[in-house]
Amino acid sequence: MNGAPGAAGASPGRIRAGHRARIDAALWLAQRVSAFVLAACVLVHLATIFYAVHGGLTAAAIIARIRGSVAWPAFYVVFIVAAAVHAPIGLRAIAAEWAGFRGHRADLATAFVAIALLALGLRAVWGLAG
Amino acid sequence: MTAGTAQAGDPSRERQSETTPPVSSSIDVDVWRGDAVGQFVRYRVPRQSSQTVLDVVTWIQRNLDPTLAYRYACRVGMCGSCAMTVNGVARWTCRTHVDRVAARDRLELRPLANLPVVRDLVCDMREFFDKWAAARGRLAPTATRKDPVPRVAPGSRERRAADAAIECIGCGVCYASCDIVAWRPDYLGPAALNRAWTLVNDVRDGGNRERLAAIAGDAGCHACHSQANCTERCPKHLAPTASIAGLKRAVSRALLKGEL
Ligand code: HEM
Ligand code: SF4
Ligand code: SF4
Ligand code: FES
């Protein structure tokens, strides 16, 4: 056990304890806020799927509608940004607890996963809308 | 048992015959002997009505093996010193009746989890209490004895939040039940954070800036996943999970105001 008193917020790496606490607190807040956005987006997403399937829309018709609109690509950009913020922070917590991977390098890995998700998602929206 | 040294919860023979007779006349108790390395030793203990797990341990120590190490003081659920792992679950033993926990007349007693074992049923609580200090669990007064006594309205939002969390007896049951403490040993844990929350809501306290900085982060309140093992097990029916959620909100507010 390495439970040194005063260790709160102090993680391995070159970052000062106060700075560390601010990063952790900001990440938590980002995950909480993105969770609300995701919850709303998922509802819209599911409702749309439901409507599309029941209305007998074809893939081609759906793509045509998205092409012709600004709102749908904008919606999916918001959805993707929220997912790209939310998921890496959760994965970071799992990596810390299950693999002992924490500190500055874990933050960099989190940022990398976020950018990768963002790139993949935006590419898909671009493919549909562009 | 010798007359005259009867313990509370060790009812005399007449009283026992008046109450419901015990389910069976004895119980097999496996007790951890040793420190980090050791083994279970089985003892057979006579059943009594209204017998607590602490009564069982005391009976073993007085009648079968005086070298058995365990800890207690008040026997009435106030001091927080008697907690152990009873059939796999952390409990205060002085207020846990054998009838309620002994499945098929068996008990297995181990020291609390997540803390180093000193010997037998005694664990080293130092780390647990050091974390209370690390979480700034001490009042930072803003007034001196020359100032008037501050008036705190009992119905105020802050006071109600503090009251809901204040009755902690420091037993360590929550700490031993928290998976996050097991996974990241530097996590301050539910009891220390619960204590910090009472002070965050104490209008007489002036130490919140430092306190929030001390409890923020992945070794502090942000490590908690709100799975509520602590709240499920706390013998005082406190809700450290709710206190920690409150700390997360307080930290977020401080962060947005640039005060973290
Ligand atoms: C579909 C929409 C989703 C919603 C509405 C949602 C909601 C939430 C909420 C409310 C939290 C708690 C945040 C907090 O502590 O305040 C959370 C945390 C988390 N989410 Fe999501 N989530 C979603 C998708 C995902 C996905 C796709 C993943 C997987 C990659 C994920 C992984 C996590 C993880 C690992 C946590 C951290 C749990 C913890 O630290 O206690 N979530 N989510
Ligand atoms: S709610 Fe938080 S503190 Fe309580 S047991 Fe779960 S992780 Fe630990
Ligand atoms: S919060 Fe409850 S379980 Fe935890 S130390 Fe205090 S009284 Fe014991
Ligand atoms: S002996 Fe004091 S709480 Fe159990």
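Residue numbers begin at 1 in each chain, while the letters A, B, ... track the order of the sequences.
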Between [X] and [Y], a side-chain donor and acceptor under 3.5 Å:
| X | Y | value |
| --- | --- | --- |
| B:N194 | B:S243 | yes |
| B:R195 | B:T198 | yes |
| B:T241 | B:S226 | no |
| B:K131 | B:Y175 | yes |

Q. For chain A, which residues from residues 250-260 of chain B lie under 4.5 Å away (heavy-atom distances)?
A.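 Only B:V251, B:S252, B:L255, B:L256, B:L260 of residues 250-260 of chain B have a heavy atom under 4.5 Å from chain A.
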Q: Would you please go through residues 30-41 of chain B and name the residues with a non-hydrogen atom below 4.5 Å from one of chain A, in numerical order?
A: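 Not one residue of residues 30-41 of chain B has a heavy atom under 4.5 Å from chain A.
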Q) Near A:W126 CH2, under 6.0 Å, is it more than 12 heavy atoms from other residues, nucleotides or ligands? A)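 Atom CH2 in A:W126 is not crowded, with 12 or fewer foreign heavy atoms closer than 6.0 Å.
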**Q.** Residue pairs fulfilling salt bridge (Lys or Arg N to Asp or Glu O under 4.0 Å) with at least one residue in residues 82-97 of chain A, sequence neighbours excluded
**A.**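 Of all non-adjacent pairs touching residues 82-97 of chain A, those that pass salt bridge (Lys or Arg N to Asp or Glu O under 4.0 Å) are A:D24-A:R92, A:R92-A:D107, A:R92-B:D218.
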Q) Salt bridge between B:E158 and B:R160, side-chain N to carboxylate O under 4.0 Å? A)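 Salt bridge: no.
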Q.
Under 4.5 Å from any heavy atom of chain A, what part of B:A223 do you find: side chain, backbone, both or neither?
A.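 Contact with chain A is through the backbone of B:A223 alone.
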**Q.** Parallel, tilted or perpendicular, as decided by the 30° and 60° cut-offs, for the rings of A:Y76 and A:F79
**A.**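 Answer is parallel, since the angle falls under 30°.
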Taking only distance into account, with no hydrogens and no angle test, what donor-acceptor pairs under 3.5 Å do side-chain atoms of residues 88-96 of chain B form with protein atoms, sequence neighbours excluded?
unit_1, atom_1, unit_2, atom_2, d
B:T93, OG1, B:C82, O, 2.7
B:T96, OG1, B:W92, O, 2.4

Q: For B:Y70 and B:T58, run side-chain hydrogen bond (donor to acceptor under 3.5 Å, both in side chains): C-alpha distance rounded to whole Å, both residues' side-chain angles, the deciding distance at 0.1 Å, then the answer.
A: CA-CA 9 Å; B:Y70 68 111; B:T58 301; 2.9 Å; yes
